S.K.: 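If you scroll down you'll find the structure; I have some questions about it.
None of the values given here were measured: they were computed from a predicted structure. Chain letters run A, B, ... following the sequence lines, proteins first, then strands; residues in each count from 1.
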There are 4 protein chains.
Amino acid sequence: MDDIEIEAVAEADLSNPVFVEGLPGVGNVGKLAVEHLLEEFEDATLVRRIYADVFPPQVGLEDGVAELTHAEIHAVETPGEGPDLLLLTGDHQAQSNEGHYHLTDAFLDVAEEFGAERLFALGGVPTGELVDEPSVLGAVTDESQLDELEDVGVEFRDGEPAGGIVGVSGLLLGLGGRRGFEAACLMGETSGYLVDPHSAQVVIEVLQDLLEFSVDFEALEDRAEEMKEVAAKIQEMQQQQQGLPSDDDLRYIG
Amino acid sequence: MDDIEIEAVAEADLSNPVFVEGLPGVGNVGKLAVEHLLEEFEDATLVRRIYADVFPPQVGLEDGVAELTHAEIHAVETPGEGPDLLLLTGDHQAQSNEGHYHLTDAFLDVAEEFGAERLFALGGVPTGELVDEPSVLGAVTDESQLDELEDVGVEFRDGEPAGGIVGVSGLLLGLGGRRGFEAACLMGETSGYLVDPHSAQVVIEVLQDLLEFSVDFEALEDRAEEMKEVAAKIQEMQQQQQGLPSDDDLRYIG
Amino acid sequence: MDDIEIEAVAEADLSNPVFVEGLPGVGNVGKLAVEHLLEEFEDATLVRRIYADVFPPQVGLEDGVAELTHAEIHAVETPGEGPDLLLLTGDHQAQSNEGHYHLTDAFLDVAEEFGAERLFALGGVPTGELVDEPSVLGAVTDESQLDELEDVGVEFRDGEPAGGIVGVSGLLLGLGGRRGFEAACLMGETSGYLVDPHSAQVVIEVLQDLLEFSVDFEALEDRAEEMKEVAAKIQEMQQQQQGLPSDDDLRYIG
Amino acid sequence: MDDIEIEAVAEADLSNPVFVEGLPGVGNVGKLAVEHLLEEFEDATLVRRIYADVFPPQVGLEDGVAELTHAEIHAVETPGEGPDLLLLTGDHQAQSNEGHYHLTDAFLDVAEEFGAERLFALGGVPTGELVDEPSVLGAVTDESQLDELEDVGVEFRDGEPAGGIVGVSGLLLGLGGRRGFEAACLMGETSGYLVDPHSAQVVIEVLQDLLEFSVDFEALEDRAEEMKEVAAKIQEMQQQQQGLPSDDDLRYIG
């Protein structure tokens, strides 16, 4: 196998699609959001699989059948007025510093191949506490994008997220911007302790307004309701123990 | 030295052999199983040594003579009706993420060179407690293999092993499947605390049924008996201490 | 993206410039020094950006606009008699052993391209305690440089810094010397616990004497005054606690 | 710089020299031994420097002059009947798994270039306790070497050192053997807690017998005497504290 292999599974005739990334990260917000879009757009077509030796040396199992760790890109011809979509998701980030760079470049190659000029990287930004009404923070490759995003409620706050944006989401802006893409990162506020379907929903709502599509949220709302109960139990435990749960106990429960 | 070097030690004229891997892992089940096969098939021929800079920078010693860390592939012309075998074993897994990928690809190159189309990766699946009658869990590259394996007692359980299969065993399925091999992983249940010859035996028994060969188990049974005594002593100690032994104390005793 | 990419942002017609490096390090002395020079030489021109996959996979944000992690080289045509300058700074060191080597080689390529033959690597040397009047320690590629540096107050002490000089500063001498550059490292004494603008000032003062330029220090003096107050508070706390602050508490406060 | 660079400093006309390695390791036995030989053979000529990006990114300092981390190979025309020598030493081992392999291959290239067919890797083997009369353990690439080494007192013990031999010393046998060199490792017993000049002396004594040269040991004996005093103080402290010194306290004192 080459270090990175882009497998062409199917082709799709998209006109100027928008590329949307949702890999694992804080609160799994980005991954939950893109997976929800894939469930709701039932005619999504798997067009590319990306294999890489910087993914963990691992197979996942489904009904006993093994599948090599990879990222997937689906094509969606949206029904409304808005642009078509290319949806990127997967189970893993790269496992090395350099790997993040090379993998992101491969993702951008696919975006380019399908004619995408605009990218959205979805993710979460940790607040350290449970958030009832999460805001969506933004970052862009060019200040000309700021107005349009602020119009749909995206907030740009000085020095947030502290330390910038790491991983594929950050590099889609960093490398994408250098390659001429107009890229933005949409980050839902989230505690950082729990998988956060509600934060994923508010991120999608912003994307809906921007790209003029519309999806149902029942499935995400159900999962958010479950997580709310988990969170309530944890807060109860915290009050009983008069101590904060450690990251190890709570991170990614759900 | 090249990053990976396949040294041709001897040739063998095998007809459509089955490739069987047993590198170190949980309970050393896979390695014990393949080493037992090598002892029982006395006419096994060492055909390939695989050296790699992703193995530890280390030599092993035997009677004062040093040998560079490597993996070995032996050819076995089985006496019965069943297919011939290529048996892969060694003392180490790769030491890096990318190394697992490249090493597995090299193993598959050898399998291909000898005309193997079918692979078995042998290993253990940790249960966290001592197991009297270990089951053999399976994973395959294609669902068409499920029936044949279930017929000889291999179990396929939803979500097990949790987290999929890592290392060379996982990648033999992941990369092997992509290269057109029909590959399966056979994992004996094992505590995860002790080297487990009994689990190795049940894995071989499944393989015997599938590949129509037959070996003696006396040596493995003797080692299993010894391990049973070790386990009994540990359980006694546990009861006295009213505490569980730590992983560090017990892992790979034997 | 290539592993390392040197982006030509602008050109500058410098005559035999001196290359000065100030990347993050002990007390951030080198970075503070070069950043101060960039503020004072208002006509500094950004000439090169260096991107590398050994930098963290990260974007920084300014007013919501993302910028891929990189190092920057500015050209300064100094007003006085002294040589022109090439000033290197950035937010990160390389993240891997090999990365330090390859990145330094890229920096030297730029120095060579602009005709620089002389390099200064600025940094700090940790003393473990607060220093009122920091000395500047030196290291050079060739003993012929010793006299000139000692004449402007640079000290050369046997066995200091213990363990030599690591990172890009060390390699600018190590690799630079081998490529024929006349390179020196100027290291201001600093506690190692705090960002140290005063140490940065004494390092610049040495450079001023060597390279016959002159800058104002008001901004650095103000920052040093602030840090002095921070240090005073810490010493007060130490006396109350009768214990030394741990490195984790104090390193890089400011 | 290339990943590994062999710099030709001088040439030497040696006839069938023996290559002897002494890089840092357990008790620094190998490095002390080779450095002692370099001091005693006053006409040793530095013939090669080996630079590598797998060495630490670091310069050492001597009288203020920086020198890039490297390994050195000196040529010695021995006065007696015995063969000439190529002596390898340096301040560092490789910093990565793969690095050990590539660096050792570079060392073997130099050995080959100078016509060496026989190699000795010098080192220490940890015993965990202070040793008054250290034995020298051996390992070889070919059993034909055993008799000659046993004749001069080298011991070959089953399963020692446990886990084989790691690092450059191990690979000089592992890779060297594969490239046709006749290589042996000579390991002086040493506590593993302290730098051990006495163990270095007994290793050299074996080498003297094998290669028919003769050096003075006064310098090593003086250093060994100093270490004996350090060891005595430590044992006194141990008895007072009724506890064993931790590895962190004692390793490489001296």
Side-chain angles (χ1 to χ4, degrees), chain C residues 3 23 54 93-106 108-109 119 121 123 125 137-150 154-179 181-187, chain D residues 1-10 23-24 28 31 35 46-73 89-106 166-168 195 248 251-254:
Chain C
D3 292 351
L23 289 175
V54 294
Q93 292 266 346
Q95 304 293 298
S96 75
N97 194 84
E98 290 87 347
H100 281 99
Y101 281 86
H102 303 169
L103 201 51
T104 304
D105 252 343
L108 292 170
D109 289 344
L119 312 175
V125 60
L137 268 62
V140 295
T141 46
D142 193 282
E143 56 183 333
S144 64
Q145 302 164 266
L146 293 173
D147 284 350
E148 184 189 1
L149 291 176
E150 284 178 330
V154 177
E155 297 181 21
F156 294 87
R157 297 186 197 149
D158 244 23
E160 286 194 43
I165 305 169
V166 295
V168 166
S169 289
L171 292 186
L172 281 174
L173 272 67
L175 295 173
R178 294 195 65 222
R179 286 175 63 166
F181 289 94
E182 182 185 313
C185 191
L186 302 176
M187 295 161 278
Chain D
M1 186 177 102
D2 293 335
D3 293 351
I4 294 183
E5 241 176 67
I6 300 173
E7 182 189 344
V9 181
L23 289 175
N28 249 4
K31 180 167 158 66
E35 285 182 344
L46 175 64
V47 289
R48 294 291 182 273
R49 287 197 191 97
I50 295 103
Y51 298 92
D53 65 1
V54 295
F55 280 134
Q58 192 172 335
V59 291
L61 297 176
E62 201 164 319
D63 299 323
V65 179
E67 204 168 31
L68 184 58
T69 293
H70 63 280
E72 292 187 344
I73 295 176
T89 190
D91 288 330
H92 297 280
Q93 291 266 347
Q95 305 292 298
S96 75
N97 194 83
E98 290 87 346
H100 281 98
Y101 280 87
H102 304 169
L103 202 51
T104 305
D105 252 342
V166 294
V168 166
V195 169
D248 287 347
R251 192 171 297 272
Y252 299 135
I253 290 175

S.K.: What part of C:N97 gets within 4.5 angstrom of chain D, counting heavy atoms only: side chain, backbone, both, or neither?
M.R.: both
S.K.: When C:L175 is tested against each of D:V59, D:D53, D:L68 for side-chain contact (heavy atoms from CB on, under 4.5 Å), which residue passes?
M.R.: D:L68
S.K.: Taking D:A66, D:G60, D:S96 one by one, which has the highest count of heavy-atom pairs under 4.5 Å against chain C?
M.R.: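 Among D:A66, D:G60, D:S96, the one with the most close pairs to chain C is D:A66.
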S.K.: Of the backbone (N, CA, C, O) and the side chain (C-beta and beyond), which part of D:Y51 lies under 4.5 Å from a heavy atom of chain C, both, or neither?
M.R.: side chain
S.K.: With the side chain counted from C-beta on, respond yes when D:D3 and C:E98 share a heavy-atom pair under 4.5 Å apart, and no when they do not.
M.R.: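 Contact flag for D:D3/C:E98 side chains = no.
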S.K.: In Å and rounded to the nearest 0.5 Å, what is the CD to CG distance from D:Q58 to C:L171?
M.R.: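 Result: 9.0 Å between the selected atoms.
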S.K.: Please determine whether side-chain contact (heavy atoms from CB on, under 4.5 Å) holds for the pair C:T141 and D:V65, giving the CA-CA distance in whole Å, both sets of side-chain angles, and the decisive distance to 0.1 Å.
M.R.: CA-CA 6 Å; C:T141 46; D:V65 179; over 6 Å; no
S.K.: Answer with side chain, backbone, both or neither: which region of D:Q95 has an atom nearer than 4.5 Å to a non-hydrogen atom of chain C?
M.R.: side chain
S.K.: Of the non-hydrogen atoms in D:F55 and C:Y101, which two are nearest, and what is the gap between them?
M.R.: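 Looking at all heavy atoms of both residues, the shortest contact is O-CE1, 3.3 Å.
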S.K.: Relative to chain D, which segment of C:R178 carries a heavy atom at a distance below 4.5 Å: side chain, backbone, both, or neither?
M.R.: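 Interface part for C:R178: side chain.
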S.K.: Relative to chain D, which of C:S169, C:A184, C:C185, C:G164 shows the most heavy atom pairs under 4.5 Å?
M.R.: C:G164
S.K.: If I measure from the heavy atoms of chain D, does C:I165 come under 4.5 Å with its side chain, its backbone, both, or neither?
M.R.: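 When you check distances to chain D, atoms from both the backbone and side chain of C:I165 fall under 4.5 Å.
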S.K.: Can you tell me which portion of C:E155 sits under 4.5 Å from chain D's heavy atoms? Options are side chain, backbone, both or neither.
M.R.: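 For C:E155, no heavy atom lies under 4.5 Å from chain D.
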S.K.: Hey, which of C:A94, C:G163, C:A183, C:G99 has the most heavy atom pairs under 4.5 Å with chain D?
M.R.: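 The option with the most such pairs is C:G163.
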S.K.: For chain D, which candidate among C:Q145, C:E143, C:H102, C:E160 shows the most heavy-atom pairs at distances under 4.5 Å?
M.R.: C:H102
